Participant: 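Following this message is one structure expressed as structure tokens.
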Amino acid sequence: MSWRTVILSKEAKLTLRMEHLIISGETVNRIPLEEIGFMLIENPNIQLTGHLINALSEYRIVTLICDAKMKPATVVNSVYGHHRQSRHIVKQASWAEDRKGILWQEITKQKIENQRRLLVHLKKEGTEELGVFRDQVEVFDVTNREGHAAKVYFNRLFGQDFSRGLDEPRNWALNYGYVVLHSLIARQIVSRGYLTEIGIFHANEFNQMNLASDFVEVLRPLVDHIVHEQITDTFGKEEKRMVLKMLEYKIRIRNSNQYLQTGVQFYLDSCLQYLNDGQKAKLLFPILDFPKMR
């Protein structure tokens with residue numbers, strides 16, 4: 001079972017030996033690959049062997065490599081994530097517009113509901129407004145209820161003076177957390193033989209993760225919660241560790257509480273199945289019950 005989050009911040013050489021990650025630096029550490037779910041390489045001077053990179057893909061380990069400013073810059077993904085990848089890509093290119101529109105409607109409704117749940121959890125105002133916006137979402141969200149809800153949500157969460165366009169620690173933290181979620185979802189999409197570039201709603205030619213950008217929406221409030229509770233006027237190493245704690249959280253899906261990575265798998269599988277066969281009753285969406293901050 002993959003359960004470990006590995007963060008590497010010091011110079012080291014990473015190699016593969018008998019299905020173990022070997023970290024050779026000031027000391028030598030061995031970690032079974034089967035135990036690793038997420039690996040963050042913060043120091044760009046860390047060396048990786050080709051054998052290890054291939055093994056990280058084979059074990060479906062979400063691997064993020066940071067740039068010189070310690071910002072996530074590269075995701076390690078397989079070229080061929082599934083033995084029927086060509087077949088799945090053909091299906092993806094022909095997904096019916098009505099199914100894409102309905103799925104985006106449901107994703108948007110669940111995103112707003114999870115935002116509303118966070119405001120309830122924090123005893124903030126705005127929950128009734130978000131409930132109205134949620135119920136008004138149409139196919140493909142043609143009336144942009146998501147945008148209207150987001151304005152109310154962030155103003156209630158962080159105050160009237162807050163804007164997502166501000167260059168300040170809370171936005172740095174939000175962006176950092178969203179990148180991690182994007183990478184987690186993109187890795188699962190690739191492992192199922194689909195292209196991250198072809199989305200159901202997002203269609204930005206400069207975005208290599210359009211499909212991940214679609215699916216990530218319902219999970220963003222996880223990051224928002226941590227930032228609200230833990231981030232104030234700085235965003236450094238310790239604050240990044242706080243944001244990464246979300247990988248240890250559980251989400252409610254399929255009538256049970258599942259760790260984030262397992263829950264994401266159930267969620268994605270149900271969405272991809274719906275896009276392929278149109279059985280809406282089988283759709284599963286994560287419901288967020290926000291944990292107490294430690």
Side-chain angles (χ1 to χ4, degrees), residues 88 91-121 126-154 178 181-182 184-186 188-189 192 194-204 207 209-225 249-258 260-290:
H88 289 175
K91 286 184 178 180
Q92 182 177 4
S94 60
W95 282 339
E97 285 297 307
D98 62 333
R99 291 181 191 171
K100 291 193 289 186
I102 291 171
L103 181 56
W104 181 246
Q105 178 187 28
E106 296 302 317
I107 287 173
T108 303
K109 288 169 65 176
Q110 190 61 53
K111 175 187 180 179
I112 297 174
E113 170 59 16
N114 284 339
Q115 291 174 329
R116 190 194 68 82
R117 292 177 68 86
L118 178 54
L119 295 185
V120 170
H121 174 74
T127 57
E128 292 184 4
E129 293 171 272
L130 290 189
V132 171
F133 287 135
R134 176 201 59 207
D135 296 339
Q136 291 176 341
V137 176
E138 299 180 14
V139 173
F140 273 125
D141 189 24
V142 292
T143 58
N144 193 28
R145 296 300 93 182
E146 179 194 20
H148 292 292
K151 181 175 177 57
V152 171
Y153 169 70
F154 281 112
Y178 296 159
L181 284 178
H182 263 90
L184 173 64
I185 292 174
Q188 295 297 335
I189 291 171
R192 283 155 177 72
Y194 295 91
L195 295 176
T196 60
E197 293 87 349
I198 303 176
I200 60 172
F201 179 77
H202 289 85
N204 189 330
N207 182 4
M209 294 189 179
N210 282 311
L211 190 56
S213 296
D214 292 326
F215 292 142
V216 78
E217 297 294 344
V218 300
L219 296 170
R220 287 180 184 268
L222 276 178
V223 179
D224 304 339
H225 181 217
Y249 291 170
K250 291 185 177 181
I251 58 178
R252 187 146 47 97
I253 191 167
R254 210 174 64 171
N255 297 319
S256 65
N257 292 323
Q258 302 288 341
L260 180 61
Q261 294 199 52
T262 303
V264 165
Q265 293 175 30
F266 291 148
Y267 164 47
L268 291 186
D269 285 340
S270 76
C271 290
L272 294 170
Q273 182 177 354
Y274 167 71
L275 288 166
N276 288 327
D277 63 22
Q279 297 185 45
K280 186 179 176 182
K282 295 183 179 180
L283 280 173
L284 299 170
F285 292 102
I287 299 172
L288 303 185
D289 295 316
F290 300 95

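We number each residue from 1, following the sequence as shown. Just so we're clear, the structure is a prediction, and the values are computed from it rather than from any experiment.
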Participant: Rounded to the nearest 0.5 Å, what's the gap from OG1 on Thr196 to CG on Asp214? Could you check?
Facilitator: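 Taking OG1 in Thr196 and CG in Asp214, the distance rounds to 11.0 Å.
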
Participant: Evaluate the ring planes of His225 and His121, with Trp represented by its six-membered ring, and classify them as parallel (under 30°), tilted (30 to 60°) or perpendicular (over 60°).
Facilitator: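 Judged by the thresholds at 30° and 60°, the geometry between His225 and His121 is perpendicular.
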
Participant: With sequence neighbours left out, write down each residue that passes side chain to side chain contact (heavy atoms under 4.5 Å, CB included) with Ala203, or none if nothing qualifies.
Facilitator: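 Counting only residues at least two positions away or on another chain, Ala203 forms no side chain to side chain contact (heavy atoms under 4.5 Å, CB included).
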
Participant: Phe215 vs Tyr267 aromatic rings, parallel, tilted or perpendicular, using cut-offs 30° and 60°?
Facilitator: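 The rings of Phe215 and Tyr267 stand perpendicular, inter-plane angle above 60°.
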
Participant: Could you check whether Arg220 makes a cation-pi contact with Tyr178, meaning its NZ or CZ is under 6.0 Å from the centre of the six-membered ring and within 45° of the ring axis?
Facilitator: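 Judged by the rule, Arg220 and Tyr178 form a cation-pi pair.
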
Participant: Quick one: pull up CZ in Phe140 and NZ in Lys100 and give me the separation to the nearest 0.5 Å.
Facilitator: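 Rounded to the nearest 0.5 Å, the CZ-NZ separation comes out at 6.0 Å.
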
Participant: Heavy-atom count around Arg254 CZ within 6.0 Å, excluding the residue itself: above 12?
Facilitator: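 Not more than 12 within 6.0 Å, no.
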
Participant: For Ile185 and Leu268, which heavy atoms make the closest approach, and how far apart are they?
Facilitator: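 Closest heavy-atom pair between Ile185 and Leu268: O-CD1, 3.9 Å.
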
Participant: Distance only, no hydrogens: is a donor on one side chain within 3.5 Å (strictly under) of an acceptor on the other, for Asp269 and Gln265?
Facilitator: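 Asp269 vs Gln265: no donor-acceptor pair found between side chains.
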
Participant: Tyr194: which residues meet the side chain to side chain contact (heavy atoms under 4.5 Å, CB included) condition with it, sequence neighbours left out?
Facilitator: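 Residues passing side chain to side chain contact (heavy atoms under 4.5 Å, CB included) with Tyr194: His88, Gln92, Trp95, Ile189, Arg192, Leu272, Asn276.
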
Participant: Under 3.5 Å, is there a donor-acceptor pair between the side chain of Arg99 and the main chain of Leu275?
Facilitator: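 Yes; judged by distance alone, with no hydrogens or angles, the pair exists.
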
Participant: Does the pair Asp135/Arg145 count as a salt bridge with the N-to-O cut at 4.0 Å?
Facilitator: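 No, no charged N to carboxylate O under 4.0 Å.
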
Participant: As an exercise, state the distance from CD1 of Ile251 to CG of Leu288, rounded to the nearest 0.5 Å.
Facilitator: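 If I round to the nearest 0.5 Å, the distance is 7.0 Å.
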
